[in-house]
Student: 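Here's a structure for you.
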There are 2 protein chains.
Amino acid sequence: MTFPDLFDEFRTAVLPGGASDPTLSNLESVARYTSAREGDAPFNGIGVDQIVFIAGGSTKLVAHVSQGREQVVAFHFRGDLVSVPASAAHAYTLCALEDCELVFFPADDFLQIAQQEPHLVITILERTLRSLARSREKSVALGRKTAEERLASFLVTMAERIGWSRDGAVELDLIMSRRDIGDSLGLTIETVSRQLSELRNACLIETSGRSRFRLLDLPSLHRRAGHLELAG
Amino acid sequence: MTFPDLFDEFRTAVLPGGASDPTLSNLESVARYTSAREGDAPFNGIGVDQIVFIAGGSTKLVAHVSQGREQVVAFHFRGDLVSVPASAAHAYTLCALEDCELVFFPADDFLQIAQQEPHLVITILERTLRSLARSREKSVALGRKTAEERLASFLVTMAERIGWSRDGAVELDLIMSRRDIGDSLGLTIETVSRQLSELRNACLIETSGRSRFRLLDLPSLHRRAGHLELAG
DNA sequence: CGTCACCTTGACGAGTCTCAAGTTGTGTGG
DNA sequence: CCACACAACTTGAGACTCGTCAAGGTGACG
């Protein structure tokens, strides 16, 4: 994909309502793009907060606690917008789960330009609020849930984001490794594996290969996730 | 405090640059206010997402997992802005830690009006990004840190938000109970208590009464928190 | 000054981690 | 297309952190 194509991808996904020409050309002038191979961390040591649009592929945002200890703070898929901080109490790295096409902006420049276009800021704000809501849900899972609840919660949440229906079940492709899942749920790969086996034995899920999952009983999974019972 | 005073409080805190008169009067017309007593949960069952400004006092945002299990997702102090979701995978409650003065808006109306004032949206966005950053840091703590690290992390973070310097140490008043701290850190009150005793024995903190803390050695606390060493 | 909720401390047990061994899937080269 | 090699995953046994239960302390009120 060429740069203009990628910027277009960003424009139509983030600005479906359109924007004024000068704003667009300003944005395009500060936009950069990169394609990342699986495992790449294109923003390591870049020094400024970035706003990154996932034009293709999928990524994880990882916090490094100490050698060997990592926490996956979020996963992202095509069409998502990520705020990648330069620094905080911990170092963060955006890392490609598969080959990716990324459009990115220095956050400062982006917000500066966005001031001209309330529409755009509102869209970003709405997406940021959704990220915040997901991050809070993650805190709940990490702080107060058992391994089984975390796994069930993870599966139904991912199903909502990237799953599809087939034969009355929901299927999804979990491209991330067991280690990534563990690092996202605050568990070890062994515990992840054991809990998946539990769910398989309970006939709540089927797996084929390493990444293909079939969720056979969403209501039960929601219950095991400790989620609110939805009326109706 | 009267309503106009409270709205003024909001205006000067959130809109230091000012805003156009029509926007302000529109905002004022959808703004509501309430004073909450300690322990009150003024937004329970209100049914719509709210944007809440803490004009006075302090609050916690709590997710209810199951009877007896709660997760405090964030604490808020005077001048903070909170997004209170109506519903998600879990029920959330904003709860007063002490007597509070709150200004609040239905999120939809607020964003609708804010479209007229890019300045305002940018401010809200910046605050939301800070909330997101804090929420991510909390995920890191909950997912990959020991009890001791969580406590140290909590203390230095709170010190940055509400602490003051005195005699070469940082003091702060932790108005929330040990239970609140535990529910925030994914620990029990007993573990919180034990870890505080550890930190006392290590001469890293002093406490007087239930809520007054003195942090005697910030660098060591940062180290125990597993935080990044800051150059310089 | 007394009362009560809140906090502290101790002993024990459950859930998850660690370490280790075996199995399965995936990708590569013949 | 098959066989091989390696990484990823699964499963098991024992250790450790933190939770649970229980019994005192302590500080903040009236």
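Order of the sequence lines sets the chain letters (A, B, ...), proteins ahead of strands, with each chain counted from 1. These values consider heavy atoms only, across backbone and side chains, with no hydrogens, waters or symmetry-generated copies.
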Student: Any donor-acceptor pair under 3.5 Å between the side chain of Glu190(B) and the base of dC18(D)?
Tutor: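 No, the side chain and the base share no sub-3.5 Å donor-acceptor pair.
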Student: Without decimals, in angstroms, what is the distance between Leu187(B) CG and dC7(C) C1'?
Tutor: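 In whole Å, dC7(C) C1' and Leu187(B) CG are 16 Å from each other.
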Student: On DNA chain C, nearest-nucleotide positions of Ala147(A) versus Ser208(A): which is more 5'?
Tutor: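 It is Ala147(A) whose nearest nucleotide is closer to the 5' end.
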Student: May I ask you to say what Arg150(A) touches in the nucleic acid, namely base, sugar-phosphate or nothing, with a heavy-atom cut-off under 4.0 Å?
Tutor: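 It contacts nothing in the nucleic acid.
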Student: I'd like to know if Arg194(A) reaches the base of dG15(C) with its side chain, counting only an N/O donor and acceptor under 3.5 Å.
Tutor: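 Checked by distance alone, the answer is no.
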Student: Distance alone, cut at 3.5 Å: any donor-acceptor contact between the side chains of Thr207(A) and Arg200(A)?
Tutor: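 On atom types as modelled, these side chains qualify, holding a pair under 3.5 Å.
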Student: May I ask you to decide whether Glu70(B) forms a salt bridge with Arg144(A), counting only side-chain N to carboxylate O separations under 4.0 Å?
Tutor: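 The answer is no: the pair does not qualify as a salt bridge.
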Student: For Glu149(B), is there an ion pair with Arg69(A) - N to carboxylate O distance below 4.0 angstrom?
Tutor: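 Yes, Arg69(A) and Glu149(B) are salt-bridged.
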Student: Any idea which of dC18(D), dT18(C), dT26(D) is nearest the Arg210(B) side chain?
Tutor: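 Within the option list, the nearest is dT26(D).
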Student: DNA chain C: Thr207(B) or Gly186(A), which has the more 5' nearest nucleotide?
Tutor: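 Between the two, 5'-proximity favours Thr207(B).
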Student: Suppose we call a contact any N or O donor and acceptor under 3.5 Å apart; does that hold for the side chain of Arg212(A) and the base of dT26(C)?
Tutor: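 Side chain to base: no pair present.
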Student: Side-chain N or O of Ser193(A) versus OP1/OP2 of dC9(D): is the shortest distance under 4.0 Å?
Tutor: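 Answer no for this pair, as no side-chain N or O of Ser193(A) is under 4.0 Å from OP1 or OP2.
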